[in-house]
Amino acid sequence: MSSSERKLIIVSGFGPFIGHEEINASWEAVKLLPELLTHNGIEYDLEKRLVSVEYEAVDEACAEIWSRQPEMVIHVGVSGIAQCVYVEKLAYNHKFRRPDNSGQYLSNGSCVLPHNGKANVLRCGLDVDKIVEAVNATCEACVAPAIPNNSHKSLGATRASKNVGDFLCGYIYLKSLDVDSKRSLFVHVPPVNKPFSTEQTADIVLKIIEQCVQQVAASECTN
């Protein structure tokens, strides 16, 4: 199949920022993803995009990404408190009060969205719980250590989350959900080797992408 016939998936990762100055685990994992994905005989190009931790850079990236009419957009960011890979269910539009890498702030801590105006919350149209369940069932080798004071119960490779945060991770997710909530997802990865290696994290992210592709393809078949 020629590249012009393949469908496009764009996966973004972030560059360094305060607290993650040397490397950003999100981009390290994204870089290891394959260039090509196949599902039910359909080929998908996986294009990887590095985004600077700046509001303007996110605006420009999202505009360019969606202008290309991708089949799926997966944003990946790092969370210093993530115990495993978090699959985010929603994004907020009322608490972006931190300065970005260039020292710029978002006016009033929110933005006016082209399609959803001043909506406070946008929710992912994919079945996040189903994604988490499926990935955990196929990633038995990737199990995070038990969380203290939580009955010593180990975590699977992924978990669903409703806390994408109030920085550029939440902002880029908000911008993409505004364009197409059924083709957008945000994934938070933990720092490198806390607990997963970059290779393990990349494998988990790839499995998440595969589940997204399955859901989008199934939705297209029923429409």
Side-chain angles (χ1 to χ4, degrees), residues 10-31 47-70 72-126 128 159-192 194 201 205 208:
I10 299 179
V11 188
S12 75
F14 280 111
F17 65 103
I18 295 174
H20 302 267
E21 292 87 351
E22 295 185 7
I23 60 170
N24 187 312
S26 68
W27 181 238
E28 297 304 303
V30 169
K31 286 191 296 184
E47 183 175 307
K48 307 155 194 178
R49 176 157 186 155
L50 175 63
V51 181
S52 298
V53 183
E54 300 175 3
Y55 292 110
E56 185 175 352
V58 166
D59 289 340
E60 292 174 355
C62 284
E64 195 277 331
I65 285 170
W66 287 103
S67 72
R68 301 175 62 197
Q69 299 181 317
M72 190 75 212
V73 175
I74 310 289
H75 298 300
V76 185
V78 64
S79 168
I81 63 172
Q83 302 288 333
C84 61
V85 176
Y86 291 3
V87 186
E88 301 293 347
K89 288 187 169 185
L90 44 80
Y92 303 95
N93 185 22
H94 57 267
K95 53 182 184 178
F96 301 111
R97 297 186 176 89
R98 295 168 59 187
D100 64 17
N101 274 6
S102 64
Q104 298 300 308
Y105 289 83
L106 197 64
S107 179
N108 299 318
S110 64
C111 65
V112 178
L113 299 165
H115 304 287
N116 288 280
K118 296 183 179 180
N120 280 333
V121 181
L122 294 184
R123 291 173 171 80
C124 180
L126 297 166
V128 170
R159 67 181 297 182
S161 169
K162 295 181 180 179
N163 184 21
V164 72
D166 57 0
F167 199 35
L168 274 297
C169 290
Y171 186 63
I172 200 170
Y173 197 21
L174 183 74
K175 300 287 283 191
S176 279
L177 287 176
D178 182 56
V179 178
D180 194 335
S181 64
K182 294 182 179 180
R183 296 178 187 270
S184 303
L185 188 69
F186 191 94
V187 177
H188 259 133
V189 302
V192 177
K194 296 183 178 181
T201 299
V205 172
I208 291 170

Open item on the list: Tell me the closest heavy-atom pair linking Ala25 and Val78, and the distance in Å.
Closed with: CB-CG2, 3.9 Å
Task: Partner set under ring-ring contact (aromatic ring centres under 6.0 Å, His included) for Tyr171, not counting sequence neighbours - done: Tyr55, Phe96
Task: Value rounded to 0.5 Å, distance of OG in Ser79 from CG in Asn163 - done: 8.0 Å
- [ ] Compare all side-chain heavy atoms of Ile208 with those of Ile74 and state whether any distance is below 4.5 angstrom.
- [x] no
Task: Nearest heavy atoms of Arg97 and Gly109, plus distance in Å - done: CG-CA, 4.5 Å
Task: Qualifying residue for side chain to side chain donor-acceptor pair (under 3.5 Å) with Ser12, from Lys48, His75, Arg49 - done: His75
Open item on the list: Assess the residue pair Cys111 and Leu174 against the criterion (side-chain contact (heavy atoms from CB on, under 4.5 Å)); give the C-alpha distance rounded to whole Å, side-chain angles, the decisive distance to 0.1 Å, and a yes or no.
Closed with: CA-CA 10 Å; Cys111 65; Leu174 183 74; 3.9 Å; yes
Task: Heavy-atom closest contact (Ser52 atom, Ala57 atom, distance) - done: O-CB, 3.8 Å
Task: Closest approach of Ala82 to Pro190 (non-hydrogen atoms, all atoms of both residues) - done: O-CB, 3.5 Å
Task: Asn93 side chain reached by Leu122 side chain, heavy atoms, under 4.5 Å - done: no
- [ ] Return the minimal non-hydrogen interatomic distance between Gly170 and Ala91, and the atom names on each side.
- [x] O-CB, 3.8 Å
Open item on the list: So Val189 and Val76, do their side chains get closer than 4.5 Å, heavy atoms only?
Closed with: yes
Open item on the list: Quick one, Val58 and Asp100 - any side-chain contact, counting heavy atoms below 4.5 Å?
Closed with: no
Open item on the list: When you compare the side chain of Ser184 with that of Val179, does any pair of heavy atoms fall below 4.5 Å?
Closed with: no
- [ ] Evaluate the side-chain proximity of Val87 to Cys124: yes if any heavy-atom separation is below 4.5 Å, no if none is.
- [x] no
Open item on the list: Within this structure, what is the CH2-CZ distance for the pair Trp66 and Arg183, rounded to the nearest 0.5 Å?
Closed with: 7.5 Å
Open item on the list: Return the NE2 to OG distance between His94 and Ser110, rounded to the nearest 0.5 Å.
Closed with: 9.5 Å
TODO: Give a yes or no on whether Glu64 atom CD has more than 12 heavy-atom contacts from other residues, nucleotides or ligands under 6.0 Å away.
DONE: yes
TODO: Check for a donor-acceptor pair, side chain of Asn24 on one end and backbone N or O of Pro16 on the other, with a separation under 3.5 Å.
DONE: no
- [ ] With rounding to the nearest 0.5 Å, note down the distance linking CG in Leu185 to CG in Leu177.
- [x] 8.5 Å
Open item on the list: Quick check on Lys118: does its NZ atom have over 12 non-hydrogen neighbours (other residues, nucleotides or ligands) under 6.0 Å away?
Closed with: no
Task: Under 3.5 Å: donor-acceptor pair, side chain of Asp178, backbone of His115 - done: yes
TODO: Starting at CG of Leu126, measure out to OG of Ser181 and round the result to the nearest 0.5 Å.
DONE: 8.0 Å
Open item on the list: Can you tell me how far apart NE2 (His188) and SG (Cys169) are? Round to the nearest 0.5 Å.
Closed with: 3.5 Å
Open item on the list: More than 12 heavy atoms of other residues, nucleotides or ligands under 6.0 Å from NZ of Lys162: yes or no?
Closed with: no
